[in-house]
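Taking it in order: structure first as structure tokens, then the write-up.
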Amino acid sequence: MARLDLEELAEIELQRDEEEAAALGAVRRPSAVAAADQDPALSLSHPFYDVARHGILQVGGLDRLGRRIVTFSCCRMPPSHELNHRRLLEYLKHTLDQQVEGAYAVVYFHFGLSRQNRPSLRWLQGAYRELDRKHKKNLQALYIVHPTSFVRVLWTVFKPLISHKFGKKVAYFSSLSALREHLQCGPLAVPPEVVQYDEKLRSLQEGRPLNPARTPPPRPPLPTQQFGVSLQYLRDKNHGELIPLVLRSTVTYLREKGLRTEGLFRRSASVQTVREIQRLYNQGKPVDFDAYGDAHIAAAVLKAFLQELPQPLLTVPAYEQALSITSVESSLRVTRCRQILQGLPDHNRAVLDYLMGFLHQVSRESLFNKMSSSNLACIFGLNLIWPSQGAASLGALVPLNLFTELLIEHHGKVFSARDACGAPAGPAGEGEPGQPGGPIAGGRTAPTRPPAPSSRPGTPLVLEVSR
């Protein structure tokens, strides 16, 4: 089929989409993003501010396989005459280079693509060709949400360009609930327009308005539940132990068997195996990571534990404070981190100290595992803190990752025995939980941190390299 014919077909299919959306009362009228809806962390100095301000592209948390989730929202695209599509492509490549390491998945929200804002098919083909090989290789899944007949036109355009293997990465979802069930991840940045459209589709399918009151209440957790429950619940059920069982057992295993594993926390693991281990923990059954023989499995379980906490480990109130770290003078950032952590509940601070101490050890082995403190921060930033509503915006990733990197790189200074005002951080006469000699639970003593590798503290670590 000639390109002109495809362009005409695209126009026809999009007109049909617009008519069907209008019948549902979900007409999308392209307009500028309201100031109140713009990312507060986005600065005018951002190299792609002209594109980023629309919120088309968002980088979220990790899915159950440890893959970074990138969302692309068509409803956020302004009319074509207001958006430089060349700049959009450059912004996409910049985002992948700066914010995404290793495997990632793209969630494409199709609703909102119209004749007014769609790029040409020629541009789409050229954009795909321009993407680096590593970007195509690291893309593990493409989820198309609310597909229409227009997607068939796109498939006709791209079929000659993509391999059969890549085609297997594409999956279609007709509802947000099906997408969330498949991803099994934390908060996902979904535009309100997409949510409203999804609700209208559900109403049409069910033949009646939605009734939130019919949603069944959440089930109470099992007495031995370890995932998806609060730190306080775990402390009460685990005989007062401060460090949760999952965190302690995964860290213990990785300290012994996984510190030098290349790509630790970055590479994915079998989702079925991770869920199996989660069930064992929740049922109060023992877990032997040696039986699985893969450090990446223990790492994925640890990340899943953090992702499923009802509240972020760094707490919601600390979110805005962490965002301001980039405005602090470099020489004062460690001190500012200490001040922010002083506002955490004692239990949260103790668990965070234990985790950051371990990640500091991992970073000291970056010559072997290729996971510097910066690389680890990109993985753990959104697993430690997120906003009270929705997912963290793209502009928030830089300060959140920087804040996390400071906690890892300067762990010894940030988590000292005394806080900035000189008061003991824990009970009198006791070391801080997770510190050498500090109690973990029931009078037991936390293991002394092993000495750092022979390299000097100031020796630069090897940076992440493309595989």
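Residue numbers count from 1 along this sequence. These figures come from a predicted structure and were not determined experimentally.
Residue pairs that meet the salt bridge (Lys or Arg N to Asp or Glu O under 4.0 Å) test with at least one member in residues 43-52, sequence neighbours left out, are D50-R87.
Between H85 and W123, the angle of the ring planes lies from 30° to 60°, which puts this pair in the tilted group. The aromatic rings of H182 and F173 lie tilted to each other, with the angle between the two planes from 30° to 60°. Relative ring orientation between Y91 and F48 is described as tilted, the plane-to-plane angle lying within the 30° to 60° band. Y197 and F111 have parallel rings, their planes meeting at less than 30° on a 0 to 90° scale where 60° marks the start of perpendicular. Aromatic ring orientation, Y253 versus F289: tilted (interplanar angle from 30° to 60°).
No side-chain heavy atom of T261 sits under 4.5 Å from any side-chain heavy atom of N369. Residues L83 and I56 form a side-chain contact, since some pair of their non-hydrogen atoms from C-beta on lies under 4.5 Å apart. Side-chain contact between R248 and L245: present, with at least one pair of heavy atoms (C-beta onward) separated by less than 4.5 Å. The shortest side-chain heavy-atom distance between L231 and L313 falls under the 4.5 Å cut-off. Side-chain atoms of L355 and L306, non-hydrogen and from C-beta on, do get closer than 4.5 Å to each other. Between L407 and L352 there is a side-chain heavy-atom pair separated by less than 4.5 Å.
Listed by chain and number, the residues in a side chain to side chain contact (heavy atoms under 4.5 Å, CB included) with R275 are R64, Q184, V271, Q278, R279 (sequence neighbours excluded). Evaluation of the side chain to side chain contact (heavy atoms under 4.5 Å, CB included) rule for P317 yields T315 as partners, not counting sequence neighbours. For Y281, there are no ring-ring contact (aromatic ring centres under 6.0 Å, His included) partners two or more places apart in sequence or in a different chain. With sequence neighbours left out, K169 forms a side chain to side chain contact (heavy atoms under 4.5 Å, CB included) with F166. Partners of S270 under the side chain to side chain contact (heavy atoms under 4.5 Å, CB included) rule, at least two apart in sequence or in another chain, are Q272, T273.
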### Query
Does the side chain to side chain contact (heavy atoms under 4.5 Å, CB included) test come out yes or no for I379 and N375, once each step is laid out?
CA-CA 7 Å; I379 299 295; N375 294 334; 6.0 Å; no
### Message
Determine whether V195 and F109 satisfy the following criterion, side chain to side chain contact (heavy atoms under 4.5 Å, CB included), listing intermediate values before the conclusion.
### Response
CA-CA 10 Å; V195 175; F109 293 115; over 6 Å; no
### Task
Given side chain to side chain contact (heavy atoms under 4.5 Å, CB included), test V70 with L139 step by step and report yes or no.
CA-CA 10 Å; V70 179; L139 175 61; over 6 Å; no
### Task
Take F72 and M77 through the side chain to side chain contact (heavy atoms under 4.5 Å, CB included) test and state the conclusion after the steps.
CA-CA 10 Å; F72 189 100; M77 294 178 65; 3.8 Å; yes
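The CG atom of N282 sits 12.0 Å away from the CD1 atom of I277 when rounded to the nearest 0.5 Å. With rounding to the nearest 0.5 angstrom, the CG atom of L92 is 8.0 Å from the NE2 atom of H135. Distance CG/L57 to OG1/T95: 5.0 Å, rounded to 0.5 Å. Annotation: the span from L384 atom CG to Q307 atom CD amounts to 10.5 Å, rounded to 0.5 Å. Note that CD1 of I408 and CG of L376 are 5.0 Å apart. Values are rounded to the nearest 0.5 Å. Atom CD of Q339 is separated from atom CD of Q321 by 9.5 Å, given to the nearest 0.5 angstrom.
Residue L254 comes nearest to A298 through the heavy atom pair CD2-CB, 3.9 Å, listed as atom of the first residue, atom of the second, then distance. Between A318 and I340, the shortest heavy-atom distance links the atoms CB-CG2, 4.2 Å.
Side-chain atoms of S230 and Q232 include no donor-acceptor pair closer than 3.5 Å. No side-chain donor-acceptor contact under 3.5 Å links N401 and E405.
Not one N or O on the side chain of S80 forms a donor-acceptor pair closer than 3.5 Å with the backbone of P119.
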